[in-house]
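Below: one structure, written as structure tokens.
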Number of protein chains: 2
Amino acid sequence: MAATLKDIAQRLNLSAATVSMILNNKSVRIPKETEELVRRTARELNYHPNRMAVSLVTKRTMNVALIVPDIQNTFFAELAKYVGDYLKTKQYNLILCSTNYDVQDDIRLLRMLRAQMVDGIIGVFTGEDPEYTREIERVLADKIGIVMMDKVVSGVTTPYVGTDNFYGGRLAGRHLVENGHRRIAVITGPLGSVSGQQRLAGCRAALEEAGVTLDASMIYEGDYQYDTGYEAGKKIAQREDVTAVFACNDMMAYGVYKAAQEAGRPIGKELSLVGFDDLRFSSMLEIPLTSVRQPVREIAARAVDILLGNLAGGAGEPADGVGGLTPPSLVVRESVVRLA
Amino acid sequence: MAATLKDIAQRLNLSAATVSMILNNKSVRIPKETEELVRRTARELNYHPNRMAVSLVTKRTMNVALIVPDIQNTFFAELAKYVGDYLKTKQYNLILCSTNYDVQDDIRLLRMLRAQMVDGIIGVFTGEDPEYTREIERVLADKIGIVMMDKVVSGVTTPYVGTDNFYGGRLAGRHLVENGHRRIAVITGPLGSVSGQQRLAGCRAALEEAGVTLDASMIYEGDYQYDTGYEAGKKIAQREDVTAVFACNDMMAYGVYKAAQEAGRPIGKELSLVGFDDLRFSSMLEIPLTSVRQPVREIAARAVDILLGNLAGGAGEPADGVGGLTPPSLVVRESVVRLA
DNA sequence: GAATTGTGCTAAAACGTTTTAGCAACGTGA
DNA sequence: TCACGTTGCTAAAACGTTTTAGCACAATTC
């Protein structure tokens, strides 16, 4: 049904080659008249090049995949949006894949994406797993670029972009300290997650700068999802000594709100809380959440630039290890109470 | 770099045809030994068929595009997730496109997707525009299936799936009435939106069944976003006579929470509130929101089934006009107070 | 021993492009 | 008139598959 190059060529008694070159603005000696004619006919026939055929010969699909653990988490949704928008300006398409925080899913995806349907992959990978390394290396061997985002998988050297988590944690910690808090609990990301550890470390550093030590009993391991925030929140709310909580992401912070309220120590009144991500919802809460805002837009653009840059660079050796960390900022709202 | 059919064939002194047939389980007479050999070699060489080449000859890309107005709205994120998951079980990939509620973007997308890179499109289109009709018809002419979701664009006959909005509105209205409410305000979607009008109509019907009339002063027009909910909420909270609010989506309901609280008439204590969508976040609120739950998962599956069914059916004539409305359900939480 | 059937494969075309090498016709300068 | 350059195009290969038609040989039947 759809018109092909040949259709145009035939109609004008030209060869497909000529038409192709004209339509692709290749610099060849073609008189204006012919060119006009070809363009007009293409428009008339509603011609669109067949992407499959083009890709087959050019070896580029103009597709980029984004792998995120949970598209329902608005942080990743936002990320996806920016990545997609930015990609579009570069004529690339986004193939979005959500994995439900399942490492096996990541690997399965990697495997299937390798089947030459994307030029590059931007991955927010879920965990640490030896299989990652193998699979990622296979993908790289097939000349498909990878940029890791937000989280690092150790053991592979691919460019990485993300937030400066340590700095963000420090921001959170400092804010609490500055408001007079000394007994501060932290709900971390999963133990294996580098980002969570860094946020924790940053917070710890801030406390130490103020002469406060963060002892082990104050640290609760979460998994970045609501439920673990709620559970940790319940335990924390029972500890009379604790006055503030740093949740390593907003989703868990929401759980803390609920737990705190149920325990009769509401956030912003009795207990203080700082989150991380600054999700859209955080400002909508009855007591809006003070949170560390990730520069999502910048990170997205950066990831794309690096990925596409590598692709263009062709050579394929990844821009050595690190794409760079972007510093987050603190958005102060009403969830932290100032102690006398 | 990547191994091709020919590589396998050469290595085993077979023809590409043979290898292809074996790997695709075509029923041909091939002895077990050869088959085993081929499969083993394929695994060893880490063979993956080149999707572009396959698509070029089969005319199927195994990609489906989903167009949504705003991926940051968790309703659409959820939709995307389910569509993607379900598609994956059918070996299809999801290409996600978000348009920022921009009709021109929809049209641009339609145009670009037509370049044979997807087998079908599931679209939550933003508006009404004569250009839609033309563009959609062109897409259909190229044998690319379309299923419209959640919103209808009049004038084209493509299958449609969505929630039974009238029924949902009725559910909300009835719930309020059953809890003794008589003075009920409604915050609608944008005036032009069919879905919003239907939710309102359903609610009105429920009230009338109970002998309550919904007069014009009780109706506030919103746009499905937080801010208009908040604004309407502020006005409503000042009207002493009103005891309950039906917000036509959860996003706006969140605004009402805030407004109500600021006005000293908190939801679930003084004022009652019912939302629509049942976003993930609604159950996380301090006073969890009673909301009409859209059967997102079912809608997603349905859309995919219809799309793929049409594709398989080949003939291409769309399953006449309507794919069907799925009834929503009411999720009762704590935002509605029972009047004496 | 010829005819028939079955087995295990292959050749070749097709899909719709891009790209490289080069050809025919014409014009120009000497 | 010949050599040479320029102009406007084309032929053909290549990309990696799928698919159709059918071939060569072996085994079986009569």
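Below, read A as the first sequence line, B as the second, and so on, with proteins coming before strands; counting in each chain starts at 1. Values below: every heavy atom of this structure, side chains too, minus hydrogens, waters and symmetry copies.
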Between [X] and [Y], a side-chain donor and acceptor under 3.5 Å:
{"X": "A/S195", "Y": "A/Y224", "value": "yes"}
{"X": "A/Y92", "Y": "A/N63", "value": "no"}
{"X": "A/Q294", "Y": "A/T163", "value": "yes"}

Using whole Å, report how far [atom1] of [X] lies from [atom2] of [N].
{"X": "A/M62", "N": "C/dT17", "atom1": "CE", "atom2": "C1'", "result": "15 Å"}
{"X": "B/L45", "N": "D/dG16", "atom1": "CG", "atom2": "P", "result": "14 Å"}
{"X": "B/L56", "N": "D/dT17", "atom1": "CG", "atom2": "P", "result": "12 Å"}
{"X": "A/D7", "N": "C/dC15", "atom1": "CG", "atom2": "P", "result": "11 Å"}
{"X": "B/R51", "N": "C/dC15", "atom1": "CZ", "atom2": "C1'", "result": "16 Å"}
{"X": "B/I22", "N": "D/dT17", "atom1": "CD1", "atom2": "P", "result": "15 Å"}
{"X": "B/N50", "N": "C/dT17", "atom1": "CG", "atom2": "P", "result": "17 Å"}
{"X": "B/N25", "N": "D/dT19", "atom1": "CG", "atom2": "C1'", "result": "16 Å"}

| request: Under 4.0 Å from any atom of DNA chain D, heavy atoms only: list the residues of residues 8-21 of chain B that qualify, in numerical order. | output: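 Residues of residues 8-21 of chain B under 4.0 Å from DNA chain D: B/A17, B/S20, B/M21.
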| field | For B/L45, side chain to side chain contact (heavy atoms under 4.5 Å, CB included) partners two or more places apart | value |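 In terms of side chain to side chain contact (heavy atoms under 4.5 Å, CB included), with neighbours along the sequence ignored, B/L45 is linked to B/A3, B/D7, B/I8, B/R11, B/T41.
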Would you say the side-chain atoms of [X] pair up with the backbone N or O of [Y], donor to acceptor, closer than 3.5 Å?
{"X": "B/N100", "Y": "B/D102", "answer": "no"}
{"X": "A/T61", "Y": "A/S55", "answer": "no"}
{"X": "A/S20", "Y": "A/A16", "answer": "no"}

Under 4.0 Å from OP1 or OP2 of [N]: is there any side-chain N or O of [X] that close?
{"X": "A/N24", "N": "C/dT18", "answer": "yes"}
{"X": "A/K59", "N": "D/dG16", "answer": "yes"}
{"X": "B/K26", "N": "D/dT18", "answer": "no"}

| task | Kindly write out the residues that satisfy ring pair (Phe, Tyr, Trp, His ring centres under 6.0 Å) with A/Y101, not counting sequence neighbours, or none if the list is empty. | result |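 Listed in chain order: nothing, the list is empty.
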| Listed partners of B/F75 passing ring pair (Phe, Tyr, Trp, His ring centres under 6.0 Å), at least two apart |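 If we apply the ring pair (Phe, Tyr, Trp, His ring centres under 6.0 Å) test to B/F75, skipping adjacent residues, there are no hits.
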| said: Walk me through whether B/Y160 and B/D150 qualify under side chain to side chain donor-acceptor pair (under 3.5 Å). | reply: CA-CA 8 Å; B/Y160 161 77; B/D150 197 47; 5.9 Å; no
| field | Stretch residues 29-43 of chain A: residues that reach within less than 4.0 Å of DNA chain C through a heavy atom | value |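 The stretch gives A/R29 as the residues lying under 4.0 Å from the strand, ordered by number.
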| field | Estimated bend of the helix from C/dG1-D/dC30 to C/dA30-D/dT1 (axis per five terminal pairs, rounded to 10 degrees) | value |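 Roughly 60°, once rounded to the nearest ten degrees.
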